Amino acid sequence: MRVAILGCGYVGLELARQLTPDHEVIGVRRSTLDAVRETGARAVEADVTDADALAELPDVDALVFAASSGGRGAEAAREVYVEGLETAIDAFADRESPPDQLVYTSSTGVYGDHDGDWVDESTPIEPTTEKTAVLAEAERIATEYAAERGIDGTVARFAGLYGPDRYRLDRYLEGPVTAGYLNMVHRDDAAGAVAHLLAGVEPSVVNVVDDEPASKHAFADWLADACDVSRPEKRTKQERLDAGDLSEPAQRRILTSKRVSNDLLHEVGYELTYPTYREGYATAVEAYRQEST
């Protein structure tokens with residue numbers, strides 16, 4: 001199988017590493033092509049929003065759209081996730097040999113606030129920010145529009161990504177830590193789930209999240225104990241809001257709470273390498289303790 005990863009970044013590079021032993025992989029990104037080559041994939045410099053650049057790519061059996069807007073606002077997100085995704089679909093669907101499958105990497109942020117209750121793929125999405133509203137629109141393009149163009153689209157909704165270079169231990173060890181839930185998935189499992197979906201799994205939307213949504217306070221205490229440091233200061237959501245230094249989008253994030261189910265991910269046969277944060281953070285904890293001695 002030949003796979004093009006459009007936006008070969010944090011997850012895309014790991015996906016390329018996992019796929020290259022058995023498949024031909026083309027990693028597309030705007031810069032830092034050496035990182036793609038190191039995975040064993042073919043590196044191509046291109047902007048996913050540039051139809052002419054995408055036209056230069058070879059035919060593929062499957063597309064993975066994992067591009068990032070670089071943490072910028074809703075307008076930049078729309079340019080990449082909506083306009084870029086539609087451009088990519090058109091660029092490949094118009095060929096004599098179009099791809100059979102598309103996997104679009106979205107976010108569990110599209111669910112919005114559920115006051116700490118469980119959500120799954122049957123839960124209506126209720127984006128609470130302009131950016132998550134853009135992601136919801138992109139999901140429609142990845143499924144409905146892709147289908148109109150003859151491509152089977154699957155949405156992989158990632159929970160909060162962590163892993164090498166993204167453990168952010170200091171955030172929780174130093175505190176203060178605001179109450180709420182963490183829905184997480186290790187980078188390797190995010191990539192592994194996409195690789196599994198490329199094998200021909202049927203659902204149009206799948207939550208990619210580990211087995212245990214965690215209270216931020218409980219996670220911070222576990223991490224502190226594991227690192228053998230004092231537990232951090234805690235605060236309620238209201239205490240954080242009362243500080244008065246948050247933007248409106250940040251306030252909405254504080255007030256957004258849910259626990260994301262991964263039952264469907266298990267049902268389609270994916271086995272998590274890191275089923276909870278305990279396994280996922282083990283390497284980071286060990287490194288922290290070694291540096292502290």
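Keep in mind the model is a prediction, meaning the values are calculated, not measured. We use all heavy atoms of the structure for the numbers below, so side chains are in, but hydrogens, waters and symmetry mates are not. Throughout, residue positions are numbered sequentially from 1 according to the sequence presented.
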* Measure the NE2-CZ distance between His114 and Arg259 for me, rounded to the nearest 0.5 Å. => 12.5 Å
* Structure fact -> In this structure, OG1 of Thr256 is separated from CD of Glu126 (nearest 0.5 Å) by 10.5 Å
* Under 6.0 Å from the CD atom of Glu130, do we count more than 12 heavy atoms belonging to anything else shown? -> no
* **Smallest separation among heavy atoms of Pro164 and Tyr10, with atom names** => O-OH, 2.7 Å
* With no hydrogens and no angle check, is any side-chain donor or acceptor of Arg235 less than 3.5 Å from a backbone partner on Thr178? -> no
* **NZ or CZ of Arg166 within 45° of Tyr162 ring axis and under 6.0 Å** => no
* Salt bridge or not for Glu137 and Arg78, using N-O below 4.0 Å? -> yes
* Asked: Just wondering, do Leu19 and Leu198 contact through their side chains at under 4.5 Å, heavy atoms?
  -> yes
* Asked: Taking atom CG of Asp117 as the centre, does the number of heavy atoms from other residues, nucleotides or ligands within less than 6.0 Å exceed 12?
  -> yes
* Please report the C-alpha distance between Leu54 and Asp50 in whole Å, then the side-chain angles of each, then the deciding distance to 0.1 Å, and finally whether the side-chain contact (heavy atoms from CB on, under 4.5 Å) criterion is met. => CA-CA 6 Å; Leu54 295 179; Asp50 186 340; 5.8 Å; no
* Between Glu139 and Arg157, is the closest basic N to carboxylate O distance under 4.0 Å? -> yes
* **Shortest non-hydrogen separation from Pro99 to Ile151 and the atoms involved** => O-CG1, 3.6 Å
* To do: For residues Thr143 and Ser204, report the shortest heavy-atom separation together with the two atoms involved.
  => CG2-O, 4.0 Å
* Do Val194 and Val36 belong to the same hydrophobic cluster, where Ile, Leu, Val, Met, Phe, Trp and Tyr are linked whenever their side-chain heavy atoms lie under 4.5 Å apart, directly or via other members? -> no
* To do: Taking the side chain as every heavy atom from C-beta outward, state whether Leu85 and Tyr145 have any pair of such atoms under 4.5 Å apart.
  => no
* Asked: Are side-chain heavy atoms of Tyr104 and Leu6 found at a separation under 4.5 Å?
  -> no
* For Gln251 and Leu246, indicate whether the former's side chain and the latter's backbone hold a donor-acceptor pair under 3.5 Å. => yes
* To do: Start with the C-alpha distance between His266 and Leu272, add both sets of side-chain angles, then the distance that settles side-chain contact (heavy atoms from CB on, under 4.5 Å), and finish with yes or no.
  => CA-CA 9 Å; His266 284 293; Leu272 289 156; 4.1 Å; yes
* Structure fact -> Contacts of Ala287 meeting side-chain contact (heavy atoms from CB on, under 4.5 Å) (sequence neighbours excluded), chain-then-number -> none
* Roughly how far, to the nearest 0.5 Å, is OG1 of Thr236 from CD1 of Ile254? -> 10.0 Å
* Would a distance-only check, ignoring hydrogens and angles, find a side-chain to backbone donor-acceptor pair under 3.5 Å from Thr20 to Thr39? -> yes
* Pro232 to Ala224 - nearest heavy-atom pair and separation -> CD-CB, 4.0 Å
* Does a salt bridge link Asp90 with Arg149, judged by any charged N lying under 4.0 Å from a carboxylate O? -> yes
* CA sep, side-chain torsions, deciding dist, call: Tyr270, Asp189, side chain to side chain donor-acceptor pair (under 3.5 Å) -> CA-CA 9 Å; Tyr270 182 70; Asp189 277 318; 2.7 Å; yes
* **Exam field: side chain Thr32 to backbone Ala35, donor-acceptor pair closer than 3.5 Å** => no
* Do you know the tightest heavy-atom contact between Val268 and Pro203? -> CG1-CG, 3.6 Å
* Asked: According to a 4.5 Å side-chain heavy-atom criterion applied to Ile, Leu, Val, Met, Phe, Trp and Tyr, with indirect links allowed, do Val60 and Leu102 form part of one hydrophobic cluster?
  -> yes
* To do: Determine whether Ser106 and Phe65 make a side-chain contact, defined as any pair of heavy atoms from C-beta on separated by less than 4.5 Å.
  => no
* **Same cluster (ILVMFWY, side-chain, under 4.5 Å), Tyr167 and Leu161** => no
* To do: Taking atom CG of Asp165 as the centre, report whether more than 12 heavy atoms of other residues, nucleotides or ligands fall under 6.0 Å from it.
  => no
* **Trace of the side-chain contact (heavy atoms from CB on, under 4.5 Å) decision for Leu57 with Arg95** => CA-CA 11 Å; Leu57 296 176; Arg95 302 182 178 201; 4.2 Å; yes
* Asked: Between the main-chain N or O of Arg2 and the side-chain N or O of Asp61, is there a donor-acceptor pair closer than 3.5 Å?
  -> yes
* Asked: Do Leu169 and Met184 belong together in a cluster built from hydrophobic side chains that touch within less than 4.5 Å?
  -> yes
* Please confirm whether the backbone N or O of Asp188 pairs with a side-chain atom of Gln18, one donor and one acceptor, at under 3.5 Å? => yes
* Ion pair check, Glu286 and Arg289, cut-off under 4.0 Å -> no
* Using a 4.5 Å cut-off on heavy atoms from C-beta on, say whether the side chain of Val48 contacts that of Thr87. => no
* **Any donor-acceptor N/O pair, His196 side chain to Leu265 backbone, under 3.5 Å** => no
* Structure fact -> side-chain hydrogen bond (donor to acceptor under 3.5 Å, both in side chains) test vs Asn262 passes for just one of Asp211, Asn183, Asp120, namely Asp211
* Cluster check Leu63, Val82: I/L/V/M/F/W/Y, side chain < 4.5 angstrom -> yes
* Going by an N to O cut-off under 4.0 Å, is there a salt bridge joining Lys234 and Asp221? -> yes
* **Under 3.5 Å donor-acceptor, Lys237 side chain and Gly180 backbone** => no
* Structure fact -> Sorted by chain and residue number, the side-chain hydrogen bond (donor to acceptor under 3.5 Å, both in side chains) partners of Asp245 (sequence neighbours excluded) come out as Arg240
* **Between Thr276 and Glu279: side-chain donor-acceptor atoms closer than 3.5 Å** => yes
* Judged by atom type as modelled, is there a donor-acceptor pair below 3.5 Å linking the side chain of Gln101 to the main-chain atoms of Leu197? -> yes
* Electrostatic pair Asp113:Arg252 at N-O distance under 4.0 angstrom -> no
* What do the steps show when you test Leu13 against Cys8 for side-chain contact (heavy atoms from CB on, under 4.5 Å), and what is the final call? -> CA-CA 5 Å; Leu13 289 170; Cys8 198; 3.8 Å; yes
* Hey, is the main chain of Asn207 close enough, under 3.5 Å, to the side chain of Glu121 for a donor-acceptor pair? -> yes
* Asked: Tell me the ring-ring contact (aromatic ring centres under 6.0 Å, His included) pairs involving residues 214-249, sequence neighbours left out?
  -> Tyr172-Phe219, Phe219-Tyr277, Phe219-Tyr281, Trp222-Tyr277
* Got more than 12 heavy atoms from elsewhere within 6.0 Å of CD, Gln238? -> yes
